[in-house]
Protein chains: 2
Amino acid sequence: MKAETFKVACSSCNLRELCMPVGFDQNDMHKLDEVVTTRKKIKQGDLLFENGETFTSLYAIRTGFFKTSVASEDGREQVTGFQMAGEIIGLDGIVNDHHTCNAVALEDAEVCVMPFDHIEDLSREFPVLQKHVHKIMSREIVRENGMMMLLGNMSAEERLANFLVNLIQRLFARGQSQSEFILRMSREEIGSYLGLKLETVSRTFSKYSEEGIIEVKQRHIKILKPDALKQLVKSPNCN
Amino acid sequence: MKAETFKVACSSCNLRELCMPVGFDQNDMHKLDEVVTTRKKIKQGDLLFENGETFTSLYAIRTGFFKTSVASEDGREQVTGFQMAGEIIGLDGIVNDHHTCNAVALEDAEVCVMPFDHIEDLSREFPVLQKHVHKIMSREIVRENGMMMLLGNMSAEERLANFLVNLIQRLFARGQSQSEFILRMSREEIGSYLGLKLETVSRTFSKYSEEGIIEVKQRHIKILKPDALKQLVKSPNCN
DNA sequence: AAGTCTTTTTGATGTACGTCAAAGATAGCA
DNA sequence: TGCTATCTTTGACGTACATCAAAAAGACTT
């Protein structure tokens, strides 16, 4: 499907606080509008970018939900992250000028296209933007450190609790319900992300359910005992 | 132990090609000397920085060998990386102005201290440095993506092969022997990095040894069949 | 509204790696 | 040069999660 593209301004975007630096004046703000050249709509199931593709831009998610994944030579897939509104994807492409992972929309989505050349040019002009870019990249490094802890040291129960608590926090930051939500990804995708098989994910959901911690109906999740869930998370949180 | 500190210049450093951007003239080079303010010696076993410590600088390793690790609330340790000469550590500290991991010297080491403020100031002046900083951070993100694949999808044998092949490549890039080397870290530290127990690491070394792929005598490793090892690595290499 | 496809759940069984334990090997130190 | 302390190897056994399989629940199509 062909993606629509059109112009838009950050200065009037309600997600500004999530993906743009805070604390600079009106003038600077309008200059920063240049970071985003266009928007792009992505249909559910479609790729935003894929492994091997030439890197040109970072993408700020306006609406929708993505997963990123890497693949091994023999075809095994590892989901490396799930991204939602206000988050930035594409950082993997900077180092070698081409992407090393795939980004797939898990629901119809819209992203702001930010050509990386523009970002670098504007970064030199606006220290606040420069700092922001550095922090976004560092945050991703710290998140992945947390994922290494999760994948290397934690039990299935701890992994899934961690996953849910993290999701809840991010929904909270976006003003959505923390107690009830719909998972945008399959059991298999959750499993891939957490280094588990889909059956184990399903069984662990069932276990939480039996313990009255959550209510599960397919992809519909209701959090009954958020504290019990947080109790299960015994490691630095993976944002 | 008190660490010695003294001044030094990048422009005359033989590791320049590893940790500094390439392709700019003599004048720029001398300006870039400002990135490094001092050097610092770290004794084996000592911390370069630790979790919670205020972030001020990135460090370029001049000599020696480091491990970085994160810890969970209940004290489990996850090694997140091993770093050698020419590599940059401390990127985790940027996002929250304090470090979230520990960096320990596995042998006596010397690092170049690069205050991050200087880096940011000079980055605005020299696009080539700016790009370099971005690439270093992106490279770390891509490396960690690879580690997620390793930890989430690979068998003990594949993990260790991956680890060894990666080590060999980095030794090669430094002009050291690829066929014979001494491990700077314990079986337990390798295990922590690879999401395995030390016994499993030891057993896997023994297995390779029985198969004639490597020769193991404690920490002394001799690679007999590098191709057999590469054969075992069925996924994007984790640099 | 029936029929097909996909996803999720649940059960039975298998296995790769973990755990526990003890014996070498090496390094550091008096 | 022997004595500790630490690290590594190896064996026996246990277990958390994977695998295989089939039923149940939705979702999509016509």
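What you see is a predicted model, and the numbers here were worked out from it, not measured in a lab. Convention: sequence-line order gives letters A, B, ...; per-chain numbering from 1.
- Rounded to an integer number of Å, the gap from E157(B) CD to dT15(C) P is 16 Å.
- Between E210(B) and K207(B) there is no salt bridge, since no side-chain nitrogen of the basic residue lies less than 4.0 Å from a carboxylate oxygen of the acidic one.
- Rounded to a whole Å, the NE2 atom of H220(B) is 12 Å from the P atom of dT26(C).
- Between K217(A) and S155(A), the residue whose closest nucleotide on DNA chain D is further toward the 5' end is S155(A).
- Looking at residues 195-206 of chain A, you'll see L198(A), E199(A), S202(A), R203(A), S206(A) sit with a heavy atom under 4.0 Å from some atom of DNA chain C.
- The pair E158(A)-R76(B) counts as a salt bridge, with a side-chain nitrogen and a carboxylate oxygen less than 4.0 angstrom apart.
- When the local axes at the two ends of the helix from dA1(C)-dT30(D) to dA30(C)-dT1(D) are compared, using 5 base pairs at each end, they differ in direction by 50° after rounding to 10°.
- Contact of the V79(A) side chain with the M185(A) side chain is not registered, since no non-hydrogen atoms from C-beta on lie closer than 4.5 Å.
- Taking a cutoff of 4.0 Å between a charged side-chain nitrogen and a carboxylate oxygen, R187(B) and E199(B) do not qualify as a salt bridge.
- Between R174(A) and E17(A) there is no salt bridge, since none of the side-chain N atoms of the basic residue sits less than 4.0 Å from a carboxylate O of the acidic one.
- Of the side-chain N and O atoms in R219(B), one or more sit less than 4.0 angstrom from OP1 or OP2 of dT8(D).
- The NZ atom of K67(A) sits 13.5 Å away from the OH atom of Y193(A) when rounded to the nearest 0.5 Å.
- Residues from residues 181-191 of chain B that place a heavy atom under 4.0 Å from any atom of DNA chain D, listed by number: S186(B), R187(B).
- Summarising the geometry of V142(A) relative to D92(B), their closest heavy-atom pair is CG2-O, 3.4 Å, with the distance given to 0.1 Å.
- Distance N153(B) CG to dC17(D) P: 16 Å, rounded to the nearest Å.
- Across the protein-nucleic acid pair, K207(B) atom NZ and dT9(D) atom P stand 16 Å apart, rounded to whole Å.
- Note on ring orientation: taking the six-membered ring where Trp is involved, the planes of F55(A) and H99(A) are perpendicular (angle over 60°, cut-offs 30° and 60°).
- Counting non-hydrogen atoms of neighbouring residues, nucleotides and ligands closer than 6.0 angstrom, the CD atom of E188(B) reaches no more than 12 such neighbours.
- Between the CG atom of L194(A) and the P atom of dA16(D) there is a distance of 18 Å, given to the nearest Å.
- Rounded to an integer number of Å, the gap from CD of Q218(B) to P of dG28(C) is 13 Å.
- The 12-atom threshold is not exceeded at NZ of K197(B), counting heavy atoms of other residues, nucleotides or ligands nearer than 6.0 Å.
- The distance between atom CG of L151(B) and atom P of dC17(D), rounded to the nearest whole Å, is 15 Å.
- In this structure, R159(A) atom CZ and dA18(D) atom C1' are separated by 13 Å, rounded to whole Å.
- With E107(B) as the partner, the side chain to side chain donor-acceptor pair (under 3.5 Å) test is satisfied by one option alone out of K43(B), Q44(B), R184(B): R184(B).
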